[in-house]
Amino acid sequence: MVRILDRRYPGWDQTEESAQHFEQIALETLLTAPYQLVSTKYYGVAEQPNYPILPTPLRVGASASWRGRGVTVALIDSGFYPHYDLTRPHNRIVKFVDVTDEALSEADFYRRQPRALSWHGTMTACVLGGNGYQSYGFYRGIASEVHFVLIKVMTRKYGLTLDHLVKALQWVRDHHREYNIRILNISVGGERQSPNISYRASRTAELAEQLVDQGLVVVSAIGNNTASTLFPPGTSPSVLAVGGYHDQNSIDPEDRTMYHSSYGWTVDGLPKPEVVTLGNWVAAPFVPRTPQAREAAQITKLLNTSDYELELRFEKNLKYINLPKEYLKAPTSIKRQALRQRMYHPTLKVIHPNYFHAEGTSVSAPIVCGVIAQILEMDTTLQPYEIREILIKTADAMDRSIPQLRQGFGMINPQRALQEVERRKSGKRPTSPHVQAPQRKITFYLRAPQAHSVAVAGDFNGWNHHRDMMKKQKKTGIWQLDYPILPDNIYHYKFVIDGKTWTHDPENHSRDVDPYNGFISRLHVSSLLNTKFLPKSCTKK
């Protein structure tokens with residue numbers, strides 16, 4: 001393994017500090033090695049047929065050590081199935097609720113046959129916290145040891161109704177303490193009956209506000225159409241709305257481009273989404289015993305046989321595969337080609353006998369929820385607004401060619417978010433800049449013991465380097481400035497040392513290239529998860 005890495009990545013860092021990066025390089029090396037190191041049961045996509053889909057935690061840089069232990073997440077979605085990735089070797093579903101049918105019992109949920117609406121909710125749950133049981137742990141979710149409360153809100157006849165969505169939110173409000181729910185994921189369409197209304201007039205946004213006031217982090221998918229309207233409850237300032245990016249199935253940040261997720265200003269003048277994460281080619285399991293699951297299993301089985309066995313089994317298995325009977329007389333090579341084409345069809349998208357690749361902000365939102373579960377495992381005392389600040393503060397800006405409104409405050413950085421949590425938990429001061437919305441201030445820090453003066457200059461003060469002077473702590477050599485809270489936005493700033501040396505904030509990893517001198521630091525300000533702290537000036541006007 002080390003020899004392979006030496007050949008492919010000369011000079012790679014072997015220190016303990018680079019363990020996470022080593023894990024990423026090692027797995028990618030295994031998957032792309034010129035010899036058979038990975039089972040042929042793992043497949044790519046049509047654009048990358050010979051390159052298996054990488055696991056989601058690897059692609060977003062999530063920690064392998066934190067798995068959401070002791071954290072319960074509620075999901076409001078179309079429907080669910082007790083998939084093996086959630087129930088084996090231990091059942092982590094603590095409650096199933098069907099607000100469309102109060103007569104349905106818990107036993108019915110585990111006995112019934114899979115329904116057509118079950119796939120979407122099962123997908124989001126497994127992306128968030130599946131343990132990859134049917135792939136030997138390879139395609140696990142972000143927080144693979146969380147517990148679940150699953151709430152079904154859709155029917156085949158009526159689809160998603162406002163009453164069912166409201167009923168689901170009310171159930172969470174009334175029972176979250178009973179089940180110790182700390183996170184709520186909403187990956188269904190939202191209050192589509194009420195577009196272009198203020199969150200203050202929305203029934204679902206009002207309930208979302210109440211849930212956040214009671215200590216839950218509420219996360220919502222923003223939508224998958226750049227031209228679409230934004231809907232409650234995702235338009236609420238209390239809800240963390242999530243957009244998506246496309247990483248080309250790579251761990252290289254340079255390969256990331258925007259997914260066609262929704263974005264824009266809400267009626268109340270709030271920019272949405274707040275953050276973005278992976279939204280394309282995300283591994284998710286088929287619902288067992290469905291036509292798609294049977295077809296995927298048969299196709300991959302045939303592709304992994306010899307030509308002789310393929311010819312022997314093809315006619316018998318064709319009834320499970322959506323191919324014309326004309327292929328019975330086709331040469332073996334044509335049969336294989338047809339099977340591969342069918343495997344990549346948009347209705348299947350097979351990447352493993354039991355998994356397909358999904359896309360959309362419906363999978364982006366649970367990825368963020370999985371990271372939040374890791375954060376809460378590390379520190380259960382954190383409040384929703386603190387988690388929101390940590391995610392936004394540690395986010396990475398995408399390419400400057402992408403409008404800030406479209407990418408929000410940037411791509412979530414799970415490792416950096418956990419580092420910030422650890423720093424605060426250990427009693428150390430937060431990294432600079434520290435947005436404290438309840439105290440309505442932003443604190444900047446800079447360690448410069450030899451400096452005689454330090455000022456903060458940015459677009460929020462007209463780049464005036466004589467106006468906002470920092471104060472020095474003589475014992476530590478750290479300069480500090482408490483600045484009044486700013487409206488929701490992304491700002492740029494620099495430190496000015498001794499009135500002449502302009503430098504970026506070394507503690508702030510969110511930065512852009514400065515054409516004049518190195519880097520320019522980005523300041524992310526997002527409204528609190530409690531609207532009573534929302535700055536009145538937080539509008540687009």
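- Residues forming a salt bridge (charged side-chain N to carboxylate O under 4.0 Å, His left out) with Glu315 (at least two apart in sequence, or on another chain): none.
- Listed by first and then second residue, the ring pair (Phe, Tyr, Trp, His ring centres under 6.0 Å) pairs involving residues 107-133 are Phe96-Phe109 (not counting sequence neighbours).
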Name every donor-acceptor pair, under 3.5 Å, that has one atom in a side chain of residues 285-293 and the other anywhere in the protein, sequence neighbours excluded.
residue : atom : partner : partner atom : Å
Arg289  : NE   : Gln113  : OE1          : 3.4
Arg289  : NH1  : Tyr81   : OH           : 3.1
Thr290  : OG1  : Val287  : O            : 2.7
Thr290  : OG1  : Ala293  : N            : 3.3

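- Residues Gln248 and Thr257 have side chains that bring a donor and an acceptor to within less than 3.5 angstrom of each other.
- Listed here is the closest heavy atom pair of Ala221 and Ser362: CB-N, 3.9 Å.
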Could you go through Val188 and Ile186, starting from their C-alpha distance and side-chain angles, then the distance that decides it, and tell me whether this counts as side chain to side chain contact (heavy atoms under 4.5 Å, CB included)? CA-CA 6 Å; Val188 286; Ile186 306 173; 3.9 Å; yes
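- Asp85 is listed as a side-chain neighbour of Tyr355, based on a closest heavy-atom distance under 4.5 Å.
- Counting heavy atoms from C-beta outward, Pro89 and Asn131 have side chains that approach closer than 4.5 Å.
- Taking the salt bridge (charged side-chain N to carboxylate O under 4.0 Å, His left out) definition, one finds that Arg256 meets it with nothing, sequence neighbours left out.
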Where do Leu240 and Arg388 land on the side chain to side chain contact (heavy atoms under 4.5 Å, CB included) test, with the steps shown first? CA-CA 8 Å; Leu240 192 68; Arg388 182 189 185 96; 4.1 Å; yes
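- Distance check: Phe231 CZ to Ile197 CD1 gives 10.5 Å after rounding to the nearest 0.5 Å.
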As a quick check of understanding, evaluate side-chain hydrogen bond (donor to acceptor under 3.5 Å, both in side chains) for Ser401 and Asp399, giving each step before the final call. CA-CA 5 Å; Ser401 63; Asp399 190 277; 2.5 Å; yes
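- Counting heavy atoms from C-beta on, the side chains of Arg92 and Val146 come closer than 4.5 Å.
- Residues Glu209 and Pro237 form a side-chain contact, since some pair of their non-hydrogen atoms from C-beta on lies under 4.5 Å apart.
- Looking at heavy atoms from C-beta onward, Leu184 lies in side-chain contact with Ile76 at the 4.5 angstrom threshold.
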Hey, mind stepping through Phe314 and Leu339 against side chain to side chain contact (heavy atoms under 4.5 Å, CB included) and telling me if it holds? CA-CA 10 Å; Phe314 190 82; Leu339 289 170; 4.2 Å; yes
Might you work through the side-chain hydrogen bond (donor to acceptor under 3.5 Å, both in side chains) test for Asp98 and Thr100, ending with a clear yes or no? CA-CA 5 Å; Asp98 187 349; Thr100 71; 2.5 Å; yes
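- For Ala107, the side-chain contact (heavy atoms from CB on, under 4.5 Å) partners two or more places apart in sequence, or in a different chain, are Ser105, Arg111.
- Considering only heavy atoms from C-beta on, Thr226 comes within 4.5 Å of Arg406 through its side chain.
- If you look at His352 and Tyr42, their ring centroids are closer than 6.0 Å.
- Sorted by first and then second residue, the salt bridge (charged side-chain N to carboxylate O under 4.0 Å, His left out) pairs with a member in residues 330-345 read Glu295-Arg342, Asp307-Arg336, Glu311-Lys335; sequence neighbours excluded.
- Legend: residues meeting ring pair (Phe, Tyr, Trp, His ring centres under 6.0 Å) with His345, ordered by chain and number and at least two apart, are absent.
- Taking 4.5 Å as the limit, every side-chain heavy atom of His246 sits out of range of all side-chain heavy atoms of Asp255.
- For Glu102, the CD atom counts as loosely surrounded, since its 6.0 Å shell holds 12 or fewer non-hydrogen atoms of other residues, nucleotides or ligands.
- Remark: Ser65 pairs with Ser63 by the side-chain contact (heavy atoms from CB on, under 4.5 Å) rule, at least two apart or across chains.
- Shown here are the salt bridge (charged side-chain N to carboxylate O under 4.0 Å, His left out) partners of Asp77, two or more places apart in sequence or in another chain: there are none.
- Ring centroid separation for the pair Tyr259 and Tyr245 does not come in under the 6.0 Å cut-off.
- Take His147 and apply the ring pair (Phe, Tyr, Trp, His ring centres under 6.0 Å) test, not counting sequence neighbours, and it matches no residue.
- Considering only heavy atoms from C-beta on, Trp171 comes within 4.5 Å of Val149 through its side chain.
- Within the 3.5 Å criterion, the main-chain N or O of Leu104 finds no donor-acceptor partner in the side chain of Asp108.
- With hydrogens and angles disregarded, no donor-acceptor distance shorter than 3.5 Å links the side chain of Lys95 to the backbone of Leu150.
- Pairs of residues two or more places apart, or lying in two chains, that qualify as salt bridge (charged side-chain N to carboxylate O under 4.0 Å, His left out) and include a residue from residues 225-250 are Arg59-Asp247.
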When you look at Ser198 and Asp268, which way does the side-chain hydrogen bond (donor to acceptor under 3.5 Å, both in side chains) test go after all the steps? CA-CA 6 Å; Ser198 168; Asp268 302 289; 2.7 Å; yes
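- Environment of OH in Tyr344: crowded, with over 12 heavy atoms of neighbouring residues, nucleotides or ligands closer than 6.0 Å.
- Looking at residues two or more places apart in sequence or on another chain, you find a salt bridge (charged side-chain N to carboxylate O under 4.0 Å, His left out) between Glu145 and Arg69.
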As a quick check of understanding, evaluate side chain to side chain contact (heavy atoms under 4.5 Å, CB included) for Val166 and Thr204, giving each step before the final call. CA-CA 6 Å; Val166 168; Thr204 59; 4.0 Å; yes
